[in-house]
Amino acid sequence: MIGPSPATPGGMSAVLRCYRQVWFSKWGIEYLSSYEGHALPLQGWVMGGVLLRLLTRLLLDRVALVHLHSASRGSFWRKSLLCWLADAFGVPYVYHLHSGEFPAFYRRQPASVRKWVRRTLRRAACVVVLTEGWRAALATIEPGARIEVVGNPVSVPKSLPAERFADRCVLFLGRFDEKKGIFDLVRAVPKVLEALPDTTFVLAGDGRHEEVRRFARELGVEKRVRLPGWLDGETKEAALAAASVVVLPSYCEGLPVSLLEAMAAGVSVVATRVGGIPELLREGECGMLVEPGDVVALATALVEVLKRKELRERLRENAFAQVRGAYSEEVVFGKLDELYRGLLEEEASIP
């Protein structure tokens with residue numbers, strides 16, 4: 001299996017940490033990191049290393065299947081080269097797509113690059129996507145690809161956690177950039193505080209901290225906004241336990257891990273109607289949905305959820321049932337077990 005280092009921030013890394021903790025030993029999986037940071041010299045060094053390691057294993061005939069986790073842009077180029085290498089040795093590969101931007105990335109490319117994208121998808125033993133909507137989107141790019149839907153896994157308790165609502169707290173988990181809607185969220189803060197002045201906003205993530213801090217100061221809301229940095233493990237669990245609402249005002253998404261974790265923790269969700277989010281939240285049954293960029297609607301939805309206990313309880317109950325039934329570790333890893341068995345049986349049957 002090949003993807004970003006599980007030590008790097010981001011939803012894909014969180015998914016892969018879950019894979020390693022729960023599932024790797026069952027299949028004897030060796031993990032190769034193809035990305036460990038933004039610096040170009042580091043990217044080149046890491047990519048050269050993973051190419052050499054994969055090539056060595058292919059030459060020694062030690063690989064039954066290659067499973068690659070990919071986003072768009074540079075991630076696609078890195079993974080597509082590794083796909084080509086596996087294919088050249090006749091080893092089946094699984095291309096596992098996590099990016100909600102992929103169709104837009106594809107449309108921006110010249111004809112020659114589009115041809116390479118389609119070949120990468122078509123030659124895969126299987127293309128894995130996160131939602132049914134993304135299956136349809138990928139099928140329009142390459143109708144000849146075999147596409148399967150496997151959601152992101154999340155650890156789900158046996159029963160819905162009790163709501164802990166001592167203080168009004170809005171939690172954001174994600175990267176600080178325009179695509180995640182972080183600046184829209186800061187714009188919504190004054191509108192929420194007009195209605196509920198005791199609300200605290202915890203904005204946790206990596207990226208443009210100083211810009212966000214400065215923007216909150218310009219709007220006069222810096223005293224109600226906390227920026228703890230990237231949270232993981234126990235610190236993230238504690239933040240979820242203290243949150244009244246988890247908000248994700250993104251402009252594009254695949255299947256956000258932060259929302260899955262919120263649903264499993266019994267925290268109400270406000271998010272945008274993009275990517276796989278409407279399918280995850282069943283168009284408003286499991287969370288409040290607004291259009292990306294609509295700051296007024298975002299603030300209104302946050303106030304509604306914060307004020308109305310019966311609304312939060314309905315959203316929490318529906319969301320917990322949804323995540324337990326479709327995205328628990330047992331369900332997701334069961335689908336991957338079935339996928340692996342099928343691919344390896346097909347490979348064994350080839351003369």
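These numbers were taken from a predicted model, which means no experiment stands behind them.
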Asker: Answer yes if W27 and V15 sit in the same cluster of Ile, Leu, Val, Met, Phe, Trp and Tyr residues linked by side chain heavy atoms under 4.5 Å apart, and no otherwise.
Answerer: yes
Asker: For salt bridge (charged side-chain N to carboxylate O under 4.0 Å, His left out), just list the numbers for E291 and R273, CA-CA rounded to whole Å, side-chain angles, deciding distance to a tenth of an Å, and then say yes or no.
Answerer: CA-CA 6 Å; E291 293 300 324; R273 195 177 282 106; 2.5 Å; yes
Asker: Apply side-chain contact (heavy atoms from CB on, under 4.5 Å) to residues M47 and L82 and explain how you reach the verdict.
Answerer: CA-CA 10 Å; M47 186 61 187; L82 297 166; 3.8 Å; yes
Asker: Can you tell me if R226 has over 12 outside heavy atoms packed within less than 6.0 Å of its CZ?
Answerer: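 Check fails, neighbour count at 12 or below.
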Asker: Ignoring hydrogens and geometry, is there a side-chain-to-backbone donor-acceptor pair from T235 to L231 under 3.5 Å?
Answerer: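 Not a single qualifying donor-acceptor pair exists.
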Asker: Looking at R314 and E285, does any basic side-chain N land under 4.0 Å from a carboxylate oxygen?
Answerer: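 E285 and R314: not salt-bridged.
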Asker: Do L343 and R146 touch side chain to side chain, with heavy atoms closer than 4.5 Å?
Answerer: yes
Asker: Aromatic contact between Y19 and F333, with the criterion being ring centroids under 6.0 Å apart: yes or no?
Answerer: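 Centroid separation for Y19 and F333: below 6.0 Å.
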Asker: Pick from T131, V269, L260: which one makes a side-chain contact (heavy atoms from CB on, under 4.5 Å) with L280?
Answerer: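 Single pass found, and it is L260.
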Asker: Check whether the side chains of T120 and S80 place a donor and an acceptor atom closer than 3.5 Å, and report yes or no.
Answerer: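 Judged by distance alone, the side chains do not pair up.
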Asker: If the threshold is 4.0 Å, N to carboxylate O, is there a salt bridge linking D184 and R187?
Answerer: yes
Asker: For D232, is there an ion pair with R17 - N to carboxylate O distance below 4.0 angstrom?
Answerer: yes
Asker: Does R122 come within less than 4.0 Å of E142, counting only side-chain N to carboxylate O?
Answerer: yes
Asker: Can you check whether D198's main-chain N or O pairs, donor with acceptor, with R168's side chain at less than 3.5 Å?
Answerer: no
Asker: Walk me through whether Y340 and W23 qualify under ring pair (Phe, Tyr, Trp, His ring centres under 6.0 Å).
Answerer: CA-CA 12 Å; Y340 271 30; W23 190 64; 5.0 Å; yes
Asker: Does NZ or CZ of R123 come closer than 6.0 Å to the centre of the six-membered ring of Y93, within 45° of the ring's axis?
Answerer: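 Ring-cation test returns no.
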Asker: Rounded to the nearest 0.5 Å, how far does CZ of F320 lie from OG of S159?
Answerer: 6.0 Å
Asker: Under 4.0 Å between a side-chain nitrogen and a carboxylate oxygen: does that hold for R208 and E178?
Answerer: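 A salt bridge is present here (some side-chain N lies under 4.0 Å from a carboxylate O).
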Asker: Between R119 and D87 (salt bridge meaning N to carboxylate O under 4.0 Å), is one present in this structure?
Answerer: yes
Asker: Has R57 got a side-chain atom pairing as donor or acceptor with R53's backbone, closer than 3.5 angstrom?
Answerer: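 Confirmed, R57 side chain pairs with R53 backbone.
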Asker: What is the distance from atom OG of S33 to atom CG of L16, rounded to the nearest 0.5 Å?
Answerer: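 Going from OG on S33 over to CG on L16, the span is 9.0 Å.
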Asker: Do T199 and C169 touch side chain to side chain, with heavy atoms closer than 4.5 Å?
Answerer: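 When only atoms from C-beta onward are counted, C169 and T199 do not touch, as no gap falls below 4.5 Å.
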Asker: Just verifying a value: how many Å separate M12 CE and S99 OG, rounded to the nearest 0.5 Å?
Answerer: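 Atom-to-atom, M12:CE and S99:OG are 7.5 Å apart.
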Asker: Does S155 offer a backbone N or O that forms a donor-acceptor pair with the side chain of Y327 under 3.5 Å?
Answerer: no
Asker: Could you tell me whether E253 and K179 make a salt bridge, using a distance below 4.0 angstrom between a side-chain N and a carboxylate O?
Answerer: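 Salt bridge absent between E253 and K179.
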Asker: Any heavy-atom pair between the side chains of L130 and H96 that's under 4.5 Å?
Answerer: yes
Asker: Examine the side chains of R224 and T200 and answer whether a donor and an acceptor come within less than 3.5 Å of each other.
Answerer: yes
Asker: Can a salt bridge be assigned to the pair E194 and K191 using a cut-off of 4.0 Å between side-chain N and carboxylate O?
Answerer: no
Asker: Would you give the length of the straight line joining atom CD of E346 to atom CG of L344, rounded to the nearest 0.5 angstrom?
Answerer: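 Separation between the atoms: 9.5 Å.
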Asker: Once you measure the plane-to-plane angle for F105 and F102, does it fall in the parallel (<30°), tilted (30-60°) or perpendicular (>60°) bin?
Answerer: tilted
Asker: Look at the side chain of R175 and the backbone N and O of K180, then say whether any donor-acceptor pair between them is shorter than 3.5 Å.
Answerer: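 No; judged by distance alone, with no hydrogens or angles, the pair does not exist.
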Asker: State plainly whether one hydrophobic cluster holds both V257 and L336, where clusters connect Ile, Leu, Val, Met, Phe, Trp and Tyr through side-chain heavy atoms under 4.5 angstrom apart.
Answerer: yes
Asker: Any side-chain donor paired with an acceptor under 3.5 Å for S70 and Y95?
Answerer: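 There is such a pair between these side chains.
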Asker: Going by heavy atoms in the side chains, are L58 and L85 under 4.5 Å from each other?
Answerer: yes
Asker: Which residues pass the side chain to side chain donor-acceptor pair (under 3.5 Å) test with T272, sequence neighbours left out?
Answerer: none
Asker: In plain terms, say whether R213 and E210 are close enough for a salt bridge, that is, a side-chain N and a carboxylate O under 4.0 Å apart.
Answerer: yes
Asker: With a 4.5 Å heavy-atom cut-off, do V170 and L306 have their side chains touching?
Answerer: yes
Asker: Less than 4.5 Å apart, side chain to side chain, heavy atoms only: is that true for F172 and I182?
Answerer: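 The answer is yes, as the side chains (C-beta and beyond) meet within the 4.5 Å cut-off.
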Asker: With a 4.5 Å cut-off on side-chain heavy atoms, are L203 and V186 touching?
Answerer: yes
Asker: Using modelled atom types only, decide if a donor and an acceptor are shared between the side chain of R324 and the backbone of P157 within a distance under 3.5 Å.
Answerer: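 Side chain of R324 to backbone of P157: a pair is present.
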Asker: Does R316 reach the main-chain N or O of P161 with its side chain, forming a donor-acceptor pair under 3.5 Å?
Answerer: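 Answer holds: yes.
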Asker: So, does E279 use its side chain to make a donor-acceptor pair with the main chain of E132 at under 3.5 Å?
Answerer: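 Looks like yes, one N/O pair under 3.5 Å.
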Asker: Flag yes if more than 12 heavy atoms outside E310 fall under 6.0 Å of its CD atom; otherwise flag no.
Answerer: yes
Asker: Do the side chain of S244 and the main chain of D167 share a donor and acceptor less than 3.5 angstrom apart?
Answerer: yes
Asker: Any salt bridge linking E211 with R214? Criterion: basic side-chain nitrogen under 4.0 Å from a carboxylate oxygen.
Answerer: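 Answer for the salt bridge query: no.
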Asker: Hey, are E101 and R107 close enough for a salt bridge, meaning a charged N less than 4.0 Å from a carboxylate O?
Answerer: no
Asker: Does W77, at its CH2 atom, have more than 12 non-hydrogen atoms belonging to other residues, nucleotides or ligands within less than 6.0 Å?
Answerer: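 Yes, CH2 of W77 has more than 12 neighbouring heavy atoms, counting only those of other groups under 6.0 Å.
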Asker: Atom OG1 of T8 and atom CD of E36: how far apart are they, to the nearest 0.5 Å?
Answerer: 8.5 Å
Asker: Is there side-chain contact between L281 and N318, with at least one heavy-atom pair below 4.5 Å?
Answerer: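 No - every pair of side-chain heavy atoms lies 4.5 Å or more apart.
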Asker: Does W84, at its CH2 atom, have more than 12 non-hydrogen atoms belonging to other residues, nucleotides or ligands within less than 6.0 Å?
Answerer: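 12 or below, so no.
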